[in-house]
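Below is one structure, written out as structure tokens; comments come after it.
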Number of protein chains: 2
Amino acid sequence: MKRIRVVQWGLGAMGAGMAKLMAEKEGLQIVGAIAKRKEKVGKDLGEVLGLGKKLGVNVTDNPKSILKKGEVDVVVHAVASTTKESFEELKLIMEAGINVVTIAEEMAMPEANEPELAKKIDELAKQHRVAIVGTGINPGFILDAQIVMLSAVCHRVDRIEAARINDLSPYGPTVMKSQGVGTTPEQFEKGVKSGEIQGHFGFPESIKMVAEAIGLKYDRIEQIRKPIVSKVARETPHVKVQPGMVAGCEHIGIAYCGDKQVIKLVHPQQIHPHLEGIETGDYINIFGVPEVHMSNKPEIPGGVATISLAVNVIPLIVNATPGLKRMVDLPIPSALMGPTAYERRK
Amino acid sequence: MKRIRVVQWGLGAMGAGMAKLMAEKEGLQIVGAIAKRKEKVGKDLGEVLGLGKKLGVNVTDNPKSILKKGEVDVVVHAVASTTKESFEELKLIMEAGINVVTIAEEMAMPEANEPELAKKIDELAKQHRVAIVGTGINPGFILDAQIVMLSAVCHRVDRIEAARINDLSPYGPTVMKSQGVGTTPEQFEKGVKSGEIQGHFGFPESIKMVAEAIGLKYDRIEQIRKPIVSKVARETPHVKVQPGMVAGCEHIGIAYCGDKQVIKLVHPQQIHPHLEGIETGDYINIFGVPEVHMSNKPEIPGGVATISLAVNVIPLIVNATPGLKRMVDLPIPSALMGPTAYERRK
């Protein structure tokens with residue numbers, strides 16, 4: 001089996017996880033790694049990842065030195081969340097004739113927030129005969145691609161309601177801040193207004209992906225961010241929440257067609273939801289003919305799943321036709337456990 | 001939007017359902033229908049389907065008269081269960097340069113039971129530059145393609161257990177017989193031995209599809225058919241089951257690698273399972289990193305879903321590269337509710 005040559009761009013928590021997973025996969029060969037932090041640059045990737053062995057690949061901060069035509073099949077990009085922040089890097093990769101998998105949330109469906117950049121990316125990809133896709137657990141999978149998949153059993157889809165109820169406890173201070181964990185309800189409202197408390201990143205992307213794939217019409221999206229006010233004391237290493245304070249953010253995205261709710265996505269993110277008897281999980285409800293009521297408990301863990309998805313789509317994007325792809329444009333993705341998982345994609 | 005020109009081959013319960021659904025879809029144009037039964041042949045399809053309006057298409061029993069190159073984009077084939085029974089008809093369609101969707105169960109993964117015919121079909125499809133796929137709820141979706149889809153969130157898959165617990169009550173006498181409903185336990189054992197009681201049709205296909213897509217190895221499949229002996233009286237218009245008699249067949253398919261169970265699929269099919277407190281549903285459990293535990297209650301209704309899937313994959317197969325495809329080789333399928341559902345597939 002000819003191995004797929006991969007460069008990992010970005011070695012934060014996500015990027016490092018991807019590199020570790022790729023190092024385990026027999027069908028993938030890591031041929032380069034790009035990072036900014038000085039303490040990583042120049043070192044062997046295996047050392048940086050704490051694998052206890054060398055991988056024979058030095059981490060570089062000079063992308064151009066390793067992104068050479070014909071030497072790399074795909075770059076896995078884990079650097080930023082928006083299309084705008086990622087654009088120049090994605091362009092550089094595509095111009096080198098290399099395919100791209102990125103976990104930039106907006107890139108799951110860049111047409112949602114950056115239609116002009118999305119068009120440019122599609123043109124660049126076609127010009128250089130490469131394929132590019134944004135993936136991740138959400139957006140990219142559980143509240144979009146998986147909904148689309150289940151809709152295939154339907155004669156008719158009238159409306160969709162889906163929810164992802166997860167536990168933020170494992171996350172660090174940045175996530176606590178962006179979700180308003182540990183604020184008072186008043187601080188929460190102010191934070192939402194100022195944009196400091198963002199809630200979930202990806203509803204417009206997920207909604208557009210689902211609506212286009214199924215062919216549902218909507219004319220506007222409303223987003224609501226509500227504080228989850230705790231009745232009990234909750235605590236993580238990074239934050240303390242007293243009763244009456246905010247344990248997280250319930251973010252709701254609704255696509256309307258006129259007065260009708262077409263797609264409603266609900267994503268309450270909080271620390272220790274079980275302390276108030278809340279079961280975490282992923283829930284998809286399709287109303288139509290027939291109805292579909294899927295649940296997945298506990299929720300698919302976000303970090304692990306995003307890392308998996310970024311790695312597992314590699315054979316799909318390498319074998320795709322040129323252009324900007326969304327998860328629903330690619331064949332059904334799978335875990336990569338042996339040669340046939342790579343070979344079947346040709 | 002240019003409509004996709006479809007011929008429906010087979011107008012039994014499934015085929016008629018597909019034709020009805022296609023007649024509702026704005027992106028599809030029914031240009032022909034093929035049936036054997038004399039009472040249908042020569043009549044307008046709308047009349048045969050009981051739509052209360054004409055569709056301008058007469059049902060024919062002469063396939064060659066309507067399967068003409070350049071006049072039909074795809075045939076939806078609902079005639080038989082095995083690859084062998086279907087082969088000559090599929091060949092005829094492909095030789096006319098027309099794509100195929102079939103609900104023949106074995107065709108979901110014809111390599112499982114008919115590797116030589118599968119090879120021939122792939123060669124024929126490539127020679128005539130058409131694509132062909134087998135689909136349906138099971139095999140084709142819930143115990144294979146959907147399992148593969150969920151595996152994409154996994155770093156590693158160790159083993160898979162999935163079950164479909166459904167209610168046979170709506171079905172007619174043929175299904176009751178093939179599942180042994182209404183027999184005594186002794187008659188059931190005899191029926192299994194003679195092959196009269198078949199249980200589910202599709203485990204080798206589903207197992208091979210999942211294993212190849214994920215790259216899991218197995219060296220043998222064991223199939224077990226157990227009687228579901230009823231503790232209570234159960235009854236449908238077609239069959240009466242007294243306590244102590246058989247209400248259905250619990251069919252289990254297990255793929256082993258050495259002594260290790262790699263994939264276990266369980267499909268207990270019976271009438272009125274709720275009479276013994278059994279909840280119907282679809283269940284997928286992936287053991288690995290992370291674990292995934294999906295459930296879908298009640299079960300996705302088989303007939304409706306098979307009809308939907310056959311129709312909903314039409315844009316995917318029309319736009320696919322030539323060859324024999326399985327559901328996991330095509331883009332994530334979706335319901336077809338408006339123009340973008342067709343356009344996005346190009």
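Given the structure is predicted, the values throughout are model-derived calculations rather than measurements. Throughout, a chain's letter reflects where its sequence line sits, starting with A, and its residues are numbered from 1.
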Using heavy-atom distances under 4.5 Å, tell me whether [X] contacts chain A through its side chain, its backbone, both, or neither.
| X | value |
| --- | --- |
| Ile214(B) | both |
| Gln146(B) | both |
| Lys25(B) | side chain |
| Val304(B) | both |
| Leu21(B) | side chain |
| Ala310(B) | neither |

Taking [Y]'s backbone N and O only, do any of them form a donor-acceptor pair with [X]'s side chain (distance below 3.5 Å, no angle check)?
| X | Y | answer |
| --- | --- | --- |
| Ser308(A) | His155(B) | yes |
| Ser151(B) | Ser334(A) | no |
| Asn296(A) | Ser295(B) | no |
| Asp329(A) | Pro331(B) | no |

Taking every non-hydrogen pair under 4.5 Å, which of Glu299(A), Glu24(A), Met294(A), Met327(A) racks up the most with chain B?
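Most pairs with chain B among the choices: Met294(A).
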
If you count heavy-atom pairs under 4.5 Å with chain B, which of Thr306(A), Val157(A), Leu216(A), Val210(A) comes out on top?
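Heavy-atom pairs under 4.5 Å are most numerous for Val157(A).
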
Could you measure the distance from the CD1 atom of Ile332(A) to the CD1 atom of Ile147(B)? Nearest 0.5 Å is fine.
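Ile332(A) atom CD1 to Ile147(B) atom CD1 measures 11.5 Å (nearest 0.5 Å).
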
Is Ile137(A) close to Val153(B) at the side-chain level, that is, under 4.5 Å between some pair of heavy atoms?
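The answer is yes, as the side chains (C-beta and beyond) meet within the 4.5 Å cut-off.
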
A side-chain contact here means heavy atoms from C-beta on lying under 4.5 Å apart; do His293(A) and Lys297(B) qualify?
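His293(A) vs Lys297(B): side chains apart.
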
If every non-hydrogen atom of Cys154(B) is compared with every non-hydrogen atom of Ala335(A), which pair is closest and at what distance?
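Closest approach of Cys154(B) to Ala335(A): O-CB, 4.0 Å.
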
